Amino acid sequence: MADSPQRIDKKSRYTEGRGIAGAFEGETVTRRRLMEGTALAVGGIATMAFALPGLGFALGPLFEETVPDRWQDVGAEGNFNLLSYVPKVMNINPVIGDAGKTTVYIRRWNPDVDKAPGDSKQPYVAISTRCAHLGCPVRYIQASQKFLCPCHGGVYDSQGKVQGGPPVRPLDRFETRVRNRRVEVGQRFSLNSQLERFPPRDPSNHLDGLWKYLYPPRPTT
Amino acid sequence: MTPPLPRALRRTPPKPGENGRNGAGNGSAAAPATKPATAKEQAVEGVAGAVGWLDERSGMSPFLRGFLYRKVPKGTNWYYTLGSATMFAFLSQAVTGVFLAMYYEPDPTRAYESASRITNDVFLGEFVRGMHKWGSSVMIILIFLHMGRVFFFGAYKYPRELNWIIGVVLVVLTLMMGLTGYLLPFDQRSFWATVVAVNLNASGPIVGPYLADFLRVGSEFGPTTITRFYSLHMLAIPGLIAALIGAHLYLVAKLGTTAPPWIRAEKKDLLREEV
């Protein structure tokens with residue numbers, strides 16, 4: 001005791017307190033703690049080196065803008081009229097065969113009926129058959145002039161506005177244009193209950209009031 | 001303290017007088033006068049030797065004895081087997097699933113054909129696929145019965161809360177197995193059911209649409225949706241389930257099981273006496 005000027009505390013975390021040599025000259029951390037820390041850090045780095053790329057690989061599609069701006073020909077102008085819908089099949093995902101096809105109901109924009117504001121206005125009304133509730137395929141019934149969903153009983157009027165059942169917003173539409181007297185269908189867009197245009201949302205996402213800030217738009221066909 | 005070896009596994013001591021000395025232990029090697037070992041004795045000796053070899057090198061037997069022959073409280077009844085029944089349902093799903101994976105092709109253009117080939121052409125394919133299909137419902141039913149047993153017997157209380165939490169995670173993972181497996185036959189029903197299920201996930205504010213994107217691998221149901229579901233269904237989720245079943249069982253063995261709630265009142269006086 002007389003030799004050592006300092007009190008030796010055997011439980012101290014530091015070399016000086018315990019009166020032993022440090023990891024290297026002048027260092028206060030013991031060799032054991034230095035090795036522990038190094039082993040943990042190396043193990044952690046090695047784990048992250050495969051875990052992070054793997055995670056990014058799995059989550060990749062979240063950060064990709066995958067949908068190209070493509071237009072699909074659905075027929076000559078003469079095929080469509082002002083009053084009734086003509087069903088047309090288009091590809092939303094050409095790679096997966098029949099599962100990638102969907103039906104679109106198309107008619108000419110009718111100024112007497114269609115009062116949709118702003119850029120919801122298109123030369124042709126192209127209604128997506130993807131139900132705004134949970135994405136089942138809706139069918140248009142000409143006699144009652146309604147879109148009906150087979151899964152959970154959603155009902156839409158002839159403009160795609162919700163009339164009954166669980167859907168949270170009108171049916172989506174597609175951009176349309178006319179090239180060389182042929183009608184072409186392009187990007188999907190979603191609409192709120194006032195038929196104002198929004199970037200495409202997943203089914204089940206509300207678009208009225210504050211809800212439009214709570215659901216991020218997702219790139220989609 | 002490990003419980004003693006069960007009688008069937010203990011070596012029978014030699015009968016008095018048979019081997020010369022009474023209770024002399026391994027007399028067979030020492031006494032040349034005994035008859036040569038019969039085939040049955042040799043077989044038993046061979047198995048015992050192999051088990052002994054393993055035990056000497058792994059030190060497993062105290063652990064296994066503690067695990068398999070642990071004491072259970074009075075009042076233990078058939079409802080206590082629901083947990084093991086769920087685990088065997090999982091094992092059955094795992095084994096039949098491995099064999100189904102030998103014939104199934106997770107490709108949007110091949111999935112339906114390969115699934116119907118399993119049912120129609122492959123020897124016993126219909127049976128194995130049927131076991132997997134009906135076994136999935138059996139597992140869901142059993143896991144909820146087990147959960148109900150634990151709940152109504154109060155077996156989730158201290159110190160077993162962690163095991164309850166692990167069990168709840170296992171319930172969720174089992175339901176995820178159902179969800180991801182439902183797509184794989186790739187007929188109209190499973191396709192649209194999956195569309196609906198993914199859009200249900202999308203209905204959560206803020207994170208929902210991203211979760212749906214993760215499940216679909218993109219914003220639309222695409223060519224890799226089925227491979228993603230397949231990989232989740234046969235690799236990621238079963239791996240997690242197996243690991244968590246291990247943790248669940250470890251805690252069961254460590255903490256022991258609870259007596260049914262009606263036992264305590266009956267035994268109160270006796271317990272006090274023992275203390």
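What you see is a predicted model, and the numbers here were worked out from it, not measured in a lab. The sequence lines fix the lettering, A, B, ..., with proteins before strands; numbering per chain opens at 1.
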J.: Report which part of A:His206 has an atom under 4.5 Å of a heavy atom belonging to chain B: side chain, backbone, both, or neither.
T.: neither
J.: More than 12 heavy atoms of other residues, nucleotides or ligands under 6.0 Å from CD of B:Glu56: is that the case?
T.: no
J.: Give, as side chain, backbone, both or neither, the part of B:Pro205 having an atom under 4.5 angstrom from any heavy atom of chain A.
T.: both
J.: Quick check on B:Ala202 against chain A: is it the side chain, the backbone, both or neither that has a heavy atom closer than 4.5 Å?
T.: both
J.: Say you draw a straight line from CG of A:Asp202 to OG of B:Ser219; how long is it, rounded to the nearest 0.5 Å?
T.: 8.0 Å
J.: Check the surroundings of atom CZ in A:Phe198: do more than 12 heavy atoms from other residues, nucleotides or ligands lie under 6.0 Å from it?
T.: yes
J.: Which heavy-atom pair separates B:Pro209 from A:Asn205 by the least distance, and what is that distance?
T.: CG-ND2, 3.6 Å
J.: Within a reach of under 6.0 Å around NZ of A:Lys146, are more than 12 heavy atoms found that belong to other residues, nucleotides or ligands?
T.: yes
J.: Take A:Cys136 and B:Val196 through the side-chain contact (heavy atoms from CB on, under 4.5 Å) test and state the conclusion after the steps.
T.: CA-CA 7 Å; A:Cys136 288; B:Val196 165; 3.4 Å; yes
J.: Looking at B:Ser203 and A:Ser204, would you say the former's side chain and the latter's main chain have a donor-acceptor pair under 3.5 Å?
T.: no
J.: Name the option with the most non-hydrogen atom pairs under 4.5 Å to chain A; the candidates are B:Gly204, B:Ala212, B:Gly208.
T.: B:Gly204
J.: Decide if atom CD of A:Gln163 counts as having more than 12 heavy atoms of other residues, nucleotides or ligands within a radius under 6.0 Å.
T.: yes
J.: What do you reckon, is OH of B:Tyr103 surrounded by more than 12 foreign heavy atoms closer than 6.0 Å?
T.: no
J.: Around atom CG of A:Leu210, are there more than 12 heavy atoms from other residues, nucleotides or ligands closer than 6.0 Å?
T.: no
J.: Within a radius of less than 6.0 Å around CZ of A:Arg177, do more than 12 heavy atoms belonging to other residues, nucleotides or ligands occur?
T.: yes
J.: For B:Tyr210, is it the side chain, the backbone, both or neither that has a heavy atom under 4.5 Å from a heavy atom of chain A?
T.: both
